[in-house]
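Taking it in order: structure first as structure tokens, then the write-up.
Values reported hereafter were calculated over all heavy atoms of this structure, with side chains retained and with hydrogens, waters and symmetry mates removed. No experiment lies behind these values; they were computed from the predicted model shown.
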Amino acid sequence: IECFIFDASKEIFPVRPHWHYFAEFIFMLRGTVRVTADDSTYSVSEGECMILHPSSVHSIFASGDEMPVYAVLKFDMGKFPSNSSYAPSPAEIFRFARRSGMASLFDASQSRTLKCREIFTECISEMQNYLYGADVMLRAKIYQLIFGIVRVWIAAGLNIHACPTNEGSYGIENITEYIDRHLDGKLKVSEIARECHLSYSNFAAKFHMQYGMPCKDYIERMRIFKAEEYLMFTDHDLSYISQHTGFSDQSHFIRVFKKHRNITPKQFRQQRGVRSELQ
């Protein structure tokens with residue numbers, strides 16, 4: 001999950017056409033932008049919110065003389081499963097809504113109803129401060145926004161009962177959910193490919209195309225993120241953390257962590273102000 005303020009006067013702008021596997025929500029704080037996505041062009045003004053769907057080629061340009069400022073939420077939709085037995089997952093609903101032509105731009109009135117300003121502000125604060133439970137708080141606020149949008153679509157005529165579901169199976173679009181659930185185990189790319197009912201080579205190519213990196217690299221990065229939470233919010237030693245994040249042993253954990261963060265786990269914990277001594 002990424003949450004931040006984009007100030008066009010301080011960043012590389014305009015945002016040229018590109019795509020990524022995660023969903024991107026923007027909320028305009030100042031100015032107006034011209035957004036192109038899914039071969040359509042939108043004008044997004046102050047107080048309005050727009051969804052950029054996963055894999056949608058999009059660009060953002062200023063509309064007018066004022067340099068725009070907007071808040072951004074980016075996240076992997078596959079990491080937000082449905083906990084309800086009666087409901088498709090958010091990723092499935094959003095894909096269905098996109099195919100059904102549901103609105104991706106929400107005007108100022110709708111955005112106030114969705115509490116966009118509050119949710120974006122609180123998410124950015126959680127990301128900046130990253131206090132205990134920040135990951136849970138972030139997910140809760142994003143769930144609130146996701147299902148608020150789904151309710152708007154339902155009111156606009158989206159037949160949620162017609163939304164196709166994977167019924168417990170996995171594809172490239174939601175395989176990260178499976179990976180996250182098994183990070184503490186001995187994940188093998190060949191086994192993950194079987195979950196998608198794909199050959200190893202076909203899965204590897206599709207995963208790289210969808211997520212911009214090899215599956216093995218993705219798993220390693222997710223394990224590092226999980227290890228960081230243990231380091232910041234618990235007193236567990238490195239042996240315990242390595243066992244519960246899927247690393248083969250403590251030495252492997254330290255080596256991989258240093259490769260990604262350029263510091264050791266102990267240094268990371270000390271920099272974050274955790275006083276406990278590592279074993």
Side-chain angles (χ1 to χ4, degrees), residues 1-4 6 12 15-27 35-40 42 49-60 70-82 88-100 102 104-105 120 123 127 135 138-139 141-143 145-147 149-150 163-166 169-183 187 189 191-226 228 260:
I1 300 173
E2 294 182 66
C3 319
F4 56 90
F6 185 95
I12 297 175
V15 179
R16 302 291 178 180
H18 68 289
W19 71 274
H20 38 67
Y21 73 88
F22 38 75
E24 180 175 357
F25 292 9
I26 66 172
F27 177 73
V35 179
T36 299
D38 287 338
D39 298 322
S40 297
Y42 307 84
C49 178
M50 181 163 185
I51 300 169
L52 299 170
H53 290 281
S55 303
S56 169
V57 177
H58 58 276
S59 60
I60 305 176
Y70 52 89
V72 180
L73 294 180
K74 292 183 180 180
F75 54 92
D76 180 356
M77 192 70 78
K79 294 187 177 182
F80 287 80
S82 174
S89 71
E92 291 166 335
I93 296 173
F94 270 63
R95 285 195 296 271
F96 180 56
R98 182 181 181 184
R99 292 195 300 269
S100 301
M102 289 290 107
S104 56
L105 175 62
F120 277 77
C123 282
M127 182 63 73
D135 57 325
L138 278 167
R139 290 172 64 83
K141 296 177 193 303
I142 292 174
Y143 267 120
L145 182 57
I146 286 173
F147 283 105
I149 289 170
V150 171
C163 178
T165 65
N166 288 315
S169 64
Y170 293 96
I172 289 296
E173 296 82 4
N174 68 334
I175 193 59
T176 54
E177 181 183 336
Y178 173 86
I179 292 172
D180 288 348
R181 289 178 176 176
H182 297 85
L183 275 179
L187 276 171
V189 178
E191 294 174 354
I192 299 171
R194 283 197 294 272
E195 289 291 334
C196 288
H197 307 287
L198 294 171
S199 68
Y200 181 94
S201 58
N202 195 10
F203 170 80
K206 287 180 179 292
F207 189 96
H208 197 290
M209 180 178 294
Q210 180 77 10
Y211 297 99
M213 68 186 78
C215 184
K216 183 179 179 180
D217 290 356
Y218 177 89
I219 294 170
E220 194 170 86
R221 291 187 184 195
M222 293 306 105
R223 283 175 168 159
I224 292 297
F225 289 139
K226 187 173 181 180
E228 285 179 332
H260 282 270

>> Please report the interatomic distance CD1(Ile219) to CG(Asp180), rounded to the nearest 0.5 Å.
In response: 10.0 Å
> So Tyr211 and Phe207, would you call those rings parallel, tilted or perpendicular, with 30° and 60° as cut-offs?
Replying inline: tilted
> How far does OG of Ser201 sit from NZ of Lys206, to the nearest 0.5 angstrom?
Replying inline: 11.0 Å
> With a cut-off of 6.0 Å (strictly less than), are more than 12 heavy atoms of other residues, nucleotides or ligands near CE of Met213?
Replying inline: yes
> Nearest heavy-atom pair of Pro54 and Ala23: which atoms, and what distance?
Replying inline: CG-N, 3.9 Å
> Do the side chains of Cys123 and Ile142 get nearer than 4.5 Å, heavy atoms only?
Replying inline: yes
> Atom CD1 in Ile93, atom CE in Met102: separation rounded to 0.5 Å?
Replying inline: 12.5 Å
>> Can you confirm whether more than 12 heavy atoms, excluding those of Tyr200, are under 6.0 Å from its OH atom?
In response: no
> Should Met50 and His58 be marked as a side-chain contact (heavy atoms from CB on, under 4.5 Å) after you check the CA-CA gap, both sets of side-chain angles, and the distance that decides it?
Replying inline: CA-CA 12 Å; Met50 181 163 185; His58 58 276; over 6 Å; no
> Where do Met77 and Arg95 land on the side-chain contact (heavy atoms from CB on, under 4.5 Å) test, with the steps shown first?
Replying inline: CA-CA 10 Å; Met77 192 70 78; Arg95 285 195 296 271; over 6 Å; no
> Side chains of Pro164 and Glu92: closer than 4.5 Å at any heavy-atom pair?
Replying inline: no
> Which heavy atom of Ser56 sits nearest a heavy atom of Asp38, and at what distance?
Replying inline: OG-OD1, 3.3 Å
> Can you check whether Phe27 reaches Leu145 side chain to side chain, under 4.5 Å on heavy atoms?
Replying inline: no
> CG of Leu187 to CD of Glu195: how many Å apart, nearest 0.5 Å?
Replying inline: 10.0 Å
> Are side-chain heavy atoms of Ile26 and Phe6 found at a separation under 4.5 Å?
Replying inline: no
>> With heavy-atom distances below 4.5 Å as the criterion, would you say the side chains of Met127 and Ile1 are in contact?
In response: yes
> Going by an N to O cut-off under 4.0 Å, is there a salt bridge joining Arg181 and Glu177?
Replying inline: yes
> Is there side-chain contact between Phe75 and Ile146, with at least one heavy-atom pair below 4.5 Å?
Replying inline: yes
> How are the rings of His20 and His18 set relative to one another: parallel (under 30°), tilted (30 to 60°) or perpendicular (over 60°)?
Replying inline: tilted
>> Measuring from atom CZ of Phe94 to atom OG of Ser89, what distance do you get when rounded to the nearest 0.5 angstrom?
In response: 10.5 Å
> Do Ile172 and Phe203 come close enough that some side-chain heavy atom pair is under 4.5 Å?
Replying inline: yes
>> Between Arg16 and Ser59, is there a side-chain heavy-atom distance shorter than 4.5 Å?
In response: no
> NE2 of His53 to CZ of Phe22: how many Å apart, nearest 0.5 Å?
Replying inline: 15.0 Å
> When you look at Thr176 and Met222, which way does the side-chain contact (heavy atoms from CB on, under 4.5 Å) test go after all the steps?
Replying inline: CA-CA 10 Å; Thr176 54; Met222 293 306 105; over 6 Å; no
> Do Leu105 and Val35 pass the side-chain contact (heavy atoms from CB on, under 4.5 Å) test, and can you show the C-alpha distance, the side-chain angles, and the key distance before you say yes or no?
Replying inline: CA-CA 10 Å; Leu105 175 62; Val35 179; over 6 Å; no
>> Tell me the closest heavy-atom pair linking Val189 and Lys216, and the distance in Å.
In response: CG2-N, 4.2 Å
